[in-house]
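Structure first, commentary second.
Proteins come first, then strands; the chains are lettered A, B, ... in the order of their sequence lines, and each starts at number 1.
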There are 2 protein chains.
Amino acid sequence: MRADAQRNAEKLRAAAAELFQERGLKVPLKEIARRAGVSHGTLYNLFGTREALIDDVVAGLAADRLGAAAEHALSFEDAGKGFAYYVQRVCELQATDPAVADVVSGRFPAAECLMAICGQAQDAATRIIERARLAGAIRPDFTGEDLLLFFGTSALLARAVADTAPDAWRRQVAFLLDGVRTEAAHGPLPFAPPAPQQIPDVMSRLAGTP
Amino acid sequence: MRADAQRNAEKLRAAAAELFQERGLKVPLKEIARRAGVSHGTLYNLFGTREALIDDVVAGLAADRLGAAAEHALSFEDAGKGFAYYVQRVCELQATDPAVADVVSGRFPAAECLMAICGQAQDAATRIIERARLAGAIRPDFTGEDLLLFFGTSALLARAVADTAPDAWRRQVAFLLDGVRTEAAHGPLPFAPPAPQQIPDVMSRLAGTP
DNA sequence: GAGTAAGTTGACCCAGGGGTCAAGAAACTG
DNA sequence: CAGTTTCTTGACCCCTGGGTCAACTTACTC
């Protein structure tokens, strides 16, 4: 590979990393090229497909973060607390990084590494749930699939509220946790709900252009 | 208005009603015209904007359904049961009719009648929640805004699972209800979770082209 | 410092959706 | 039935995004 190609690939990786993190994995490729200061032809030339770029730029990072979350969750003495930590942490990652949200949601089935990560995350989730269930901390009929669906909706919510009420998703997480754990008590809710006048904005983002 | 224009408007209303119900309120207008057997120019001519068409075709229907749900919810002796009914019923409406889902989500802020309905639904929700709270059936920190956000995510989930696991959303509703009510007991979950092999499909729909 | 291989560019193609409008067709009206 | 008004049509414009490729530039090699 020629030196200038190497440089361009680097510029493209940097631009992609930025844009993926800002706006998710389906940012227009031409925009990535623009930010990298390079023709979009070059992007296609060096990476071929969006999936390859994603695998190259995002996969490792996402794997690290999700892996760390799972590991930490399993290190808790209290399996129930570990479970709660995991759910919150993954949602937090999704909220702070749209790219991670897209990874967890499996939005790009064609990106190989990414799907592998997705699978690992799912396995981790299953283990964490199983552990909490055996400890009697969560209802026995809660499954990994339930959690994944929740993550999917939570990712969308987090993105929808990001500019308006960036912590609104935390309340939904709290409802889920309270709906799933066996202990009766409701903990106090984190943060206030969005103000009524924020709702139209948030709702339209939720359903609108993702 | 000329007789043929009247006829065409009727054909367009019918086609729009069908397509809105099948695929939600952001179906391409040209497709509506195509199904009506009419040029898209005629659609623009007779209705002007998508919002006008929506107001004309969907608003009344949605208002009726949501209104009936609210009314029935308030007719329950047990305020907590009324609340649970309302949440389930609204989600059910969203699941069976993408158009209603879009109405509840406020996806089209420019459609006047529709926004009015949205406001009414919100008021109803607030009343139902307030009643349940006063009866001590739900946690006191749960608000109408929380419920609306939940409806927003639930609409997306229901649509995502529609073809694959059409009742998967019911479990998330159950988690919410259990997370929100003051009684300790978890009811049995409605339906099984989606099968693991269904998850990729569902997740990609959740995040994918809405 | 040529010659050659490698890489870059931007004009170009496509599809899909929103929207407009001059010309032609159809329905009323007297 | 002719004249007038209303309505319809489909070609046309816009835009965004994905993707390709011939012609040009640049870097490496001898």
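C/dG19 atom P lies 10 Å from atom CG of B/Leu43, rounded to whole Å. In this entry the distance linking CD of A/Gln6 with C1' of C/dT8 reads 16 Å, nearest Å.
No hydrogens or angles were tested; on distance alone, nothing pairs the side chain of A/Thr42 with the base of C/dG7 as donor and acceptor under 3.5 Å.
Side-chain contact between B/Cys91 and B/Phe151: present, with at least one pair of heavy atoms (C-beta onward) separated by less than 4.5 Å. Here the side chains of A/Asp102 and A/Arg159 are in contact, with some heavy-atom distance below 4.5 Å.
Heavy-atom neighbours of A/Glu71 CD from other residues, nucleotides or ligands within 6.0 Å: at or below the threshold of 12.
A close approach under 4.0 Å does occur between a side-chain nitrogen or oxygen of B/Asn8 and OP1 or OP2 of D/dT8. Phosphate contact (OP1/OP2 of D/dT8, side-chain N/O of B/Asn45, threshold under 4.0 Å): present.
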>> Counting primed atoms plus P, OP1 and OP2 as sugar-phosphate and everything else as base, spell out the protein contacts along nucleotides 17-30 of chain D at 4.0 Å heavy-atom distance: B, S or - for each nucleotide, 5' to 3'.
In response: SBBB-----BSS--
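With respect to the salt-bridge test (charged N to carboxylate O, under 4.0 angstrom), the residues B/Glu130 and B/Arg133 qualify. Between B/Arg13 and B/Asp56, at least one side-chain nitrogen of the basic residue sits less than 4.0 Å from a carboxylate oxygen of the acidic one, meeting the salt-bridge criterion.
Aromatic ring centres of A/Phe142 and A/Phe83 lie closer together than 6.0 Å.
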